[in-house]
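For reference, the structure is listed below as structure tokens.
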Amino acid sequence: MRKLIIATRNRHKTRELAAMLGPEWMIEDLSGYTELPEPEENGRTFEENAVIKALAASHALKGLVLADDSGLEVDLLEGAPGIRSARYAAEKATDKENRDRLLGELSRLNHAAGQPITARFRCAMALAEQGKVLATFCGRVEGRIVLAEAGTGGFGYDPLFIPDGYSQTFAELDAGTKNCLSHRARAMEPAMAWLAARGAAETATGSGMERAVRRAASEPTRPRPRWIRS
Ligand code: ITT
């Protein structure tokens, strides 16, 4: 079983990523590492923030680390809340407070009734190990915002977002459907291909204990020195 540290304290993200990765991965997130300081997410893009989170965790912890930075962009709001999605209403805002701020901002605009409020979720992921970034991946899902919350599943802005091709919000759709078409799923697809390729390369060349065990198994048994009595 391979181990992956998810550099997040958002248990919803952990749950979604664990479902995508499947049972062959042992997942650990940062919820058990209360002593680790939260890095300042001062990047200008989702990708920069994903790298900041991945490096911070990877400097502190051994092993392969995956960070996810994600958020919602609403065209009418010129891309807001964007990289500030988690802190839109306030620094430690709840999901509900953030959704209320979004609806408040939209209600102040002269939006033509019947016109869709186009939006997208974006996700950037960064993989790191031993304090170095190994790769980054991006995904997005296009859709529209509804002005009344619908559904109780998911998290964050899910009750306000309908993905293109569907008539229900992410919070109404079942978790399996969201996990197939979400921004996170689309970033995870190339990330999983990368992880699979690395796993295959490690198996081919062998590493650490595994390599030693394989070498020992393939070495011919040495003749015993004469002085060892049988
Ligand atoms: P970590 O930094 O610990 O990973 P976070 O929740 O602060 O947790 P982000 O900085 O990436 O993570 O902010 C993501 C915010 O964007 C999240 O809090 C939601 O408000 C929103 N968001 C991201 N993905 C979402 C999704 O799948 N559904 C709904 N909202 C989402």
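Both backbone and side-chain heavy atoms feed into the values below; hydrogens, waters and symmetry mates do not. Since the structure is predicted, the reported quantities are computational estimates derived from the model, not experimental observations.
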R184 and S70: side chain donor to acceptor below 3.5 Å = yes
So, K13 and D29, do they make that salt bridge, N to O below 4.0 Å?
-> no
Distance in Å, I5 CD1 paired with L64 CG, rounded so as to fall on 0.5 Å steps | 8.0 Å
Between K53 and E41, is there a salt bridge with N-O shorter than 4.0 Å?
-> yes
Taking 4.0 angstrom as the limit, do D75 and R120 come out as a salt bridge?
-> yes
Examine M192 and M125 and state if one hydrophobic cluster contains both, with Ile, Leu, Val, Met, Phe, Trp and Tyr joined whenever side-chain heavy atoms are less than 4.5 Å apart.
-> yes
Kindly indicate whether the side chain of N10, heavy atoms from C-beta on, has any atom under 4.5 Å from the side chain of E16.
-> no
In sequence, state the C-alpha distance, the side-chain angles, and the governing distance for F46 and R140, and then conclude on side chain to side chain contact (heavy atoms under 4.5 Å, CB included).
-> CA-CA 11 Å; F46 292 111; R140 70 167 204 261; over 6 Å; no
Are any non-hydrogen side-chain atoms of M26 and L4 less than 4.5 angstrom apart?
-> no
Do V133 and L127 share a hydrophobic cluster (ILVMFWY, side-chain heavy atoms under 4.5 Å, transitive)?
-> no
Counting only N and O atoms by type, is there a donor-acceptor contact under 3.5 Å from the side chain of D158 to the main-chain atoms of F155?
-> yes
What are the two closest non-hydrogen atoms of V65 and A54, and how far apart are they?
-> CG1-O, 3.8 Å
Residue pair L173 / P163, side-chain heavy-atom distance below 4.5 Å | yes
Hits for side-chain contact (heavy atoms from CB on, under 4.5 Å) against A86, two or more places apart or cross-chain, chain-then-number order -> none
Approximate separation, where rounding is to 0.5 Å, of I52 CD1 and N49 CG | 5.0 Å
Are F137 and M188 linked, directly or through other ILVMFWY residues, by side chains that come within less than 4.5 angstrom of each other?
-> yes
Does the side chain of S182 reach to within under 4.5 Å of the side chain of M20, using non-hydrogen atoms?
-> yes
Geometric cation-pi criterion R101 and Y88, 6.0 Å radius, 45° cone | yes
Hey, are the side chains of V141 and L181 touching, using non-hydrogen atoms and a 4.5 Å cut-off?
-> yes
Would you give the length of the straight line joining atom CD of E73 to atom CD of E142, rounded to the nearest 0.5 angstrom?
-> 8.5 Å
Between A89 and N98 the two heavy atoms that sit nearest each other are N-OD1, 2.8 Å
Distance (rounded to the nearest 0.5 Å) between M1 CE and W25 CH2 | 11.0 Å
Is there a chain of hydrophobic side chains (I, L, V, M, F, W, Y, each step under 4.5 Å between heavy atoms) that links L195 to I6?
-> yes
Can you name the nearest heavy-atom pair linking R9 to L36, along with the distance?
-> NH2-O, 2.9 Å
Ignoring hydrogens and geometry, is there a side-chain-to-backbone donor-acceptor pair from R144 to I162 under 3.5 Å?
-> no
Closest heavy-atom pair and its distance - D95, G156 = OD2-N, 2.8 Å
Do the non-hydrogen side-chain atoms of H183 and D68 ever get within less than 4.5 Å of each other?
-> no
Report yes if the side chains of I27 and L17 come closer than 4.5 Å at any heavy-atom pair, otherwise no.
-> no
Does S58 use its side chain to pair, donor to acceptor, with the backbone of Q130 at less than 3.5 Å?
-> yes
Hey, is the main chain of T169 close enough, under 3.5 Å, to the side chain of E172 for a donor-acceptor pair?
-> yes
L66, Y33: one ILVMFWY side-chain cluster at the under-4.5 Å cut-off?
-> no
Scanning both residues in full, the closest heavy-atom pair of G43 with I83 reads O-CD1, 3.4 Å
Shortest non-hydrogen contact from G131 to L55?
-> O-CD2, 3.4 Å
Verdict with supporting geometry, L102 and L72, side chain to side chain contact (heavy atoms under 4.5 Å, CB included) | CA-CA 10 Å; L102 181 67; L72 179 72; 3.8 Å; yes
Contact check, side chains of I145 and L76, non-hydrogen atoms, under 4.5 Å | no
